[in-house]
Amino acid sequence: MAGVLGLAAVPMPAQAAAAVDVVAAVQRLQAEGRAAKIFQYTAADWPYDPRFAEMPRGYCKGGNEDPRLTGTTRLGPGGVIAADMTRTLEFSNCRQQFLRDDAAGGDRRQTDLLNVGSGSHRVRSVGGVLYGAGPAYGGKSWRKLGSAPHGAALYGDQIIDAFDLGTLKALVASASMNKAGGTVHDANDRAVKKTWSYRGTITFSRLFKVSKPFRHMLGGQLNPKYGGITIHWGIATDMTGKPIVVQAVWRPGEGFPLQAAAVATRFSWDVNVSIKAPRVSGTARDPYGDDVIDLFRS
């Protein structure tokens, strides 16, 4: 899974390049109010459900249980100030049946997961409010979900917020790799050949301490059971320091809501978009399990 997302070792250029300062680059991007296009892919290893063994051969095919996120975001003072995203997650026939069976027994979490895993959804965060549209939110029209950080629509699968300076400084300070890297691809799938690579590890408990966005993703509480989970993270930038790929991989193993998760977020910086609050038709509830990290909420 890590190799698929590009965390495997890559050849280093023969000649060392001058150091790149990603923190200074992100500060410039914030000051300039830059916008970025986003493509994000999440690979999630769900615990095995023994009911799969009871199903007819071939019946469980179909669906894509790895969330994909596409859209745009804009930076400003403090980090992400708005995001407009489309999230797609489609459970297989068997997974949908199992969720329906569990939901019929009154399990609210399974009901929400069933709604989430039914196709594409829109989420937008702007002006301190989160909005949603799609099956999990009651229909195609936009609904107001409530107050939320400006980057709420962007984060939840990707737990590394490289545009939050507190998070970024802590990661860079503890990086085990800080040197020229290999070729990566941006949100438009274009090759960026001259790059700088930061990599390292951090635990859930440490990230919870240094990252305000991560604390929000977890609802302000970290279950001690999850504190020791190790995150392998990577940030690849161009030679001006602009982030091109941000990656996170964690493998809690058996007995956890997910046995493993890997997220790669790609950015392209040649866009100029305006993200405004949508016209809403009413209010709705943000469903439990809308993002991978929701499964680790206390």
Side-chain angles (χ1 to χ4, degrees), residues 1-30 32 34-45 64 66-75 80 83 85-86 88 154-155 157-164 167-169 171-202 230-251 260-273:
M1 183 166 60
V4 171
L5 294 182
L7 286 175
V10 294
M12 295 295 110
Q15 296 182 344
V20 170
D21 189 343
V22 65
V23 175
V26 169
Q27 288 176 316
R28 289 194 301 270
L29 293 169
Q30 291 179 356
E32 295 168 359
R34 294 288 296 274
K37 179 179 178 180
I38 294 166
F39 173 80
Q40 179 174 289
Y41 177 80
T42 302
D45 287 352
N64 187 338
D66 294 333
R68 285 172 169 77
L69 200 69
T70 58
T72 55
T73 189
R74 181 170 289 279
L75 303 185
V80 174
M85 311 302 300
T86 298
T88 302
L154 179 56
Y155 296 108
D157 290 334
Q158 177 56 268
I159 61 177
I160 300 296
D161 184 348
F163 301 125
D164 174 71
T167 305
L168 186 59
K169 289 176 180 178
L171 294 178
V172 171
S174 63
S176 58
M177 177 185 289
N178 183 349
K179 62 182 181 180
T183 299
V184 299
H185 292 78
D186 67 10
N188 293 94
D189 208 27
R190 297 171 299 198
V192 180
K193 296 183 178 181
K194 294 183 178 181
T195 67
W196 197 263
S197 181
Y198 299 85
R199 293 181 187 174
T201 61
I202 192 170
T230 296
I231 305 159
H232 298 262
W233 62 269
I235 300 174
T237 75
D238 64 15
M239 297 308 290
T240 71
K242 294 195 300 292
I244 304 299
V245 182
V246 175
Q247 301 165 310
V249 175
W250 66 100
R251 305 181 182 89
V263 190
T265 310
R266 302 180 186 179
F267 302 92
S268 296
W269 294 97
D270 52 354
V271 298
N272 184 20
V273 296

After noting the C-alpha distance and the side-chain angles of Trp196 and Val22, does the key distance pass the side-chain contact (heavy atoms from CB on, under 4.5 Å) rule? CA-CA 9 Å; Trp196 197 263; Val22 65; over 6 Å; no
Who passes side chain to side chain donor-acceptor pair (under 3.5 Å) against Thr167, sequence neighbours left out? Asp164, Ser211
Taking salt bridge (charged side-chain N to carboxylate O under 4.0 Å, His left out) as the test, write out the residues that go with Lys242, two or more places apart. Asp238
Would you sort out whether Leu69 and Asp157 count as a side-chain contact (heavy atoms from CB on, under 4.5 Å), showing the intermediate values? CA-CA 9 Å; Leu69 200 69; Asp157 290 334; 5.6 Å; no
Could you check whether any side-chain N or O of Trp269 sits under 3.5 Å from a backbone N or O of Pro243, counting only pairs where one atom can act as donor and the other as acceptor? yes
With distance as the sole test, does Ser268 use its side chain to make a donor-acceptor pair with the main-chain N or O of Ala187 at under 3.5 Å? yes
Mind running side-chain contact (heavy atoms from CB on, under 4.5 Å) on Leu75 and Val80 for me, showing each step along the way? CA-CA 4 Å; Leu75 303 185; Val80 174; 3.8 Å; yes
Between the main-chain N or O of Gly182 and the side-chain N or O of Thr195, is there a donor-acceptor pair closer than 3.5 Å? yes
Test Val246 against Tyr198 for side-chain contact (heavy atoms from CB on, under 4.5 Å), laying out the working first. CA-CA 10 Å; Val246 175; Tyr198 299 85; over 6 Å; no
Exam field: side chain Gln30 to backbone Phe163, donor-acceptor pair closer than 3.5 Å: yes
Report yes if some heavy atom in the side chain of Ile231 is under 4.5 Å from a heavy atom in the side chain of Ile159; otherwise report no. yes
Any salt bridge (Lys or Arg N to Asp or Glu O under 4.0 Å) involving residues 21-30? Give me the pairs, sequence neighbours left out, ordered by first then second residue. none
In short, Leu154 meets Ala83 closest at the heavy-atom pair CB-CB, 4.1 Å
Do Leu171 and Ile160 make a side-chain contact, defined as non-hydrogen atoms from C-beta onward lying under 4.5 Å apart? yes
Got a second to check how far Thr86's OG1 is from Arg68's CZ, nearest 0.5 Å? 14.0 Å
According to salt bridge (charged side-chain N to carboxylate O under 4.0 Å, His left out), who are the partners of Asp161, at least two apart in sequence or on a separate chain? none
Distance, nearest 0.5 Å, that separates CZ of Arg266 from CD of Gln247: 9.5 Å
What's the separation between atom OG1 in Thr230 and atom CD1 in Ile202, rounded to the nearest 0.5 Å? 10.0 Å
Between NE2 of His232 and CH2 of Trp250, what distance do you get to the nearest 0.5 Å? 12.0 Å
Can you list the residues that meet the side chain to side chain donor-acceptor pair (under 3.5 Å) rule with Arg190, with sequence neighbours excluded? Asp186, Asn188, Asp270
Any side-chain to backbone donor/acceptor pair from Ser174 onto Thr201? Under 3.5 Å, distance only. no
So, for Thr240 and Val20, which heavy atoms are closest and what is the spacing to 0.1 Å? C-CG1, 4.3 Å
To the closest 0.5 Å, what do you measure between CE (Met239) and NZ (Lys193)? 15.0 Å
Could you report the tightest heavy-atom contact between Asp66 and Thr42, atom names first, then the distance? CB-O, 2.9 Å
When rounded to the nearest 0.5 angstrom, what distance separates CG in Asn272 from CZ in Arg34? 9.0 Å
Return the set of residues passing ring pair (Phe, Tyr, Trp, His ring centres under 6.0 Å) with Tyr155 (not counting sequence neighbours), or none when no residue passes. none
Is a side-chain donor or acceptor of Arg74 paired with a backbone partner of Val273 at a separation under 3.5 angstrom? yes
